Visitor: 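Take a look at the following structure, please.
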Protein chains: 2
Amino acid sequence: MDTALAFPAGEDQLCCAPSERPAIDAAHATSAAQVLKAFADPNRIRLLSIVKAGDGGEACVCDLTEPLDLGQPTVSHHLKILVDAGLLKREKRGTWAYYSVVPGALERAAALITNL
Amino acid sequence: MDTALAFPAGEDQLCCAPSERPAIDAAHATSAAQVLKAFADPNRIRLLSIVKAGDGGEACVCDLTEPLDLGQPTVSHHLKILVDAGLLKREKRGTWAYYSVVPGALERAAALITNL
DNA sequence: TCAATATATTGACAGTTGTCGATATATGCG
DNA sequence: CGCATATATCGACAACTGTCAATATATTGA
């Protein structure tokens with residue numbers, strides 16, 4: 001259970017102008033890559049997109065397995081990766097598990113790229 | 001040579017508000033993942049960062065192999081992946097190869113995430 | 001032309017990842 | 001309780017990826 005360090009906290013404000021900022025160190029690169037790795041698969045991209053576009057910004061596994069044309073275990077696997085990366089959150093209601101995008105998570109992930 | 005489709009062109013303006021946008025299709029997800037995959041490795045993150053922070057926004061391979069503690073072939077390999085993804089461009093001057101970030105590429109890559 | 005340097009390419013190998021089928025674990029309902 | 005449904009976990013396997021050593025390909029300079 002490598003449960004989500006996800007977004008290291010703090011680190012929101014920038015020390016100086018982008019053109020003057022020094023290169024990031026190995027530790028930051030590793031944690032950034034850990035999050036960005038979650039976007040490195042087409043099916044996970046689609047999962048994020050479908051969940052975000054879903055009614056109420058959420059979707060359950062049963063809504064996701066068909067449009068992706070993947071087996072249910074594989075979908076669960078990808079969802080776990082997205083949750084561990086801090087991008088999705090899981091809420092169980094009855095028999096169903098509803099996934100939704102963690103507020104601000106996509107923007108923070110995008111900032112990892114623009115703030116390089 | 002799977003030379004960079006990179007950023008598919010067009011697709012810059014959005015059809016509607018983010019909350020109303022439908023989920024992206026498989027083809028878009030695949031091309032987005034192709035670019036984002038380039039960010040899925042800590043050493044490539046550092047390469048981008050070091051190049052961007054370098055003098056004149058560029059760096060040659062010889063400047064990159066030492067701080068990353070990687071062999072020269074491995075650095076060349078990662079640089080090729082970043083070039084193929086449309087993130088870096090290569091300019092050969094004499095014996096040296098200078099790499100620099102393609103203008104706007106990081107912002108476009110980040111937009112692939114926020115526009116999900 | 002020949003040697004030295006910088007970079008790219010190749011081939012190999014271990015480690016990781018995406019996928020599936022089978023199975024386990026809930027949860028709700030008769 | 002016992003069955004059906006929804007989801008998660010496990011084990012296996014092929015495909016992909018990151019790394020290195022060895023080698024190839026410029027390019028410069030003597």
Side-chain angles (χ1 to χ4, degrees), chain A residues 1-4 26 29-48 50-51 54 58-85 87-100, chain B residues 1-4 26 29-48 50-51 54 58-85 87-100:
Chain A
M1 301 74 176
D2 52 301
T3 324
T30 300
S31 68
Q34 198 128 348
V35 173
L36 294 175
K37 223 179 287 203
F39 295 94
D41 179 274
N43 287 318
R44 285 198 293 272
I45 300 265
R46 295 192 70 193
L47 280 176
L48 285 169
I50 294 173
V51 164
E58 62 180 17
C60 69
V61 182
C62 57
D63 295 329
L64 298 169
T65 174
E66 185 224 315
L68 260 65
D69 198 37
L70 286 179
Q72 172 266 319
T74 303
V75 172
S76 275
H77 169 70
H78 285 307
L79 288 170
K80 178 169 166 41
I81 289 174
L82 292 168
V83 168
D84 286 348
L87 301 172
L88 289 185
K89 63 188 206 303
R90 193 184 101 114
E91 186 196 347
K92 190 151 190 198
R93 289 204 294 274
T95 321
W96 294 271
Y98 288 87
Y99 288 84
S100 57
Chain B
M1 299 81 174
D2 52 298
T3 324
T30 299
S31 67
Q34 198 129 348
V35 174
L36 294 174
K37 222 179 287 202
F39 295 95
D41 178 274
N43 287 318
R44 285 199 293 271
I45 300 265
R46 294 192 70 194
L47 280 175
L48 286 169
I50 294 173
V51 165
E58 62 180 15
C60 69
V61 181
C62 58
D63 295 330
L64 298 168
T65 173
E66 185 224 316
L68 261 65
D69 198 37
L70 285 179
Q72 172 267 318
T74 304
V75 172
S76 275
H77 169 70
H78 285 307
L79 288 170
K80 178 169 166 44
I81 290 175
L82 291 169
V83 168
D84 286 348
L87 301 172
L88 289 185
K89 63 187 205 303
R90 192 185 104 113
E91 185 197 346
K92 192 153 190 197
R93 289 206 292 275
T95 321
W96 294 271
Y98 288 87
Y99 288 85
S100 57

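These figures come from a predicted structure and were not determined experimentally. Throughout, protein chains are lettered first and strands after them, A, B, ... in sequence-line order, and every chain is numbered starting at 1.
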Visitor: Looking at residues 59-72 of chain B, who's got a heavy atom less than 4.0 Å off DNA chain C?
Guide: B/Cys60, B/Val61, B/Cys62, B/Gln72
Visitor: Under the 3.5 angstrom rule, does the side chain of A/Thr65 hit a backbone N or O of A/Leu70 as a donor-acceptor pair?
Guide: yes
Visitor: Could you state the atom-to-atom distance from NZ of B/Lys37 to P of D/dG18 in whole Å?
Guide: 10 Å
Visitor: Expressed as a whole number of angstroms, how long is the span from A/Lys80:NZ to D/dC10:P?
Guide: 9 Å
Visitor: More 5' along DNA chain C: A/Asn43 or B/Lys92, using each one's nearest nucleotide?
Guide: B/Lys92
Visitor: When rounded to the nearest 0.5 angstrom, what distance separates CG in B/Leu47 from CG in B/Leu88?
Guide: 7.5 Å
Visitor: Round to the nearest Å and state the distance from B/Arg46 atom CZ to D/dG18 atom C1'.
Guide: 16 Å
Visitor: Find the distance between CD (B/Gln72) and OG1 (B/Thr74) and round it off to the nearest 0.5 Å.
Guide: 8.5 Å
Visitor: Side chains of A/Ile45 and B/Leu36: does their closest heavy-atom pair fall under 4.5 Å?
Guide: yes
Visitor: Taking C-beta and beyond as the side chain, do B/Asp41 and B/Ile81 meet within less than 4.5 Å on heavy atoms?
Guide: no
Visitor: Tell me: CG of B/Asp84 to C1' of D/dT17, nearest whole Å?
Guide: 15 Å
Visitor: What is the distance, to the nearest angstrom, from the CG atom on A/Leu88 to the P atom on D/dA8?
Guide: 12 Å
Visitor: Counting only side-chain N and O atoms of B/Arg90, is one of them less than 4.0 Å from OP1 or OP2 of C/dA8?
Guide: yes
Visitor: Once you round it to whole Å, what is the distance between P of D/dT19 and CG of B/Leu79?
Guide: 12 Å
Visitor: OP1, OP2 of C/dA8 versus side-chain N and O of B/Ser76: anything below 4.0 Å?
Guide: yes
Visitor: Let me check I have this right: for DNA chain C, each base becomes ., (, ), [, ] or |, based on Watson-Crick or G-U pairs with both distances under 3.5 Å. What is the full string?
Guide: ||||||||||||||||||||||||||||||
Visitor: Side-chain N or O of B/Arg44 less than 4.0 angstrom from OP1 or OP2 on D/dG18?
Guide: yes
Visitor: Tell me whether the side-chain N/O atoms of A/Tyr99 come closer than 4.0 Å to OP1 or OP2 in D/dA8.
Guide: yes
Visitor: Closest to the A/His77 side chain: D/dT7, C/dA8, C/dG18?
Guide: C/dG18
Visitor: Do you know which two heavy atoms are closest between B/Ala40 and A/Ala40, and how far apart they sit?
Guide: CB-CB, 3.8 Å
Visitor: Sub-3.5 Å donor-acceptor pair from the side chain of A/Arg44 to the main-chain atoms of A/Lys37, do we have one?
Guide: yes
Visitor: Thinking salt bridges, do B/Arg93 and B/Glu91 make one under a 4.0 Å N-O criterion?
Guide: yes
Visitor: Given atom CD of A/Glu91 and atom P of D/dA8, what is their separation to the nearest angstrom?
Guide: 13 Å
Visitor: For C/dG28 and A/Thr95 - does any side-chain N or O of the residue sit under 4.0 Å from the phosphate oxygens OP1/OP2?
Guide: no
Visitor: Picking from D/dA6, C/dT19, C/dT7, which would you name as closest to the side chain of B/Trp96?
Guide: C/dT7
Visitor: Looking at B/His78, does any N or O in its side chain come under 4.0 Å of the phosphate oxygens OP1/OP2 on D/dT19?
Guide: yes
Visitor: Are any non-hydrogen side-chain atoms of B/Leu64 and B/Val51 less than 4.5 angstrom apart?
Guide: yes
Visitor: Is the shortest heavy-atom distance from the side chain of B/Leu68 to the side chain of B/His78 under 4.5 Å?
Guide: no
Visitor: Quick check for you: among C/dA6, D/dA22, D/dG18, whose closest atom lies nearest to any side-chain atom of B/Pro73?
Guide: D/dA22
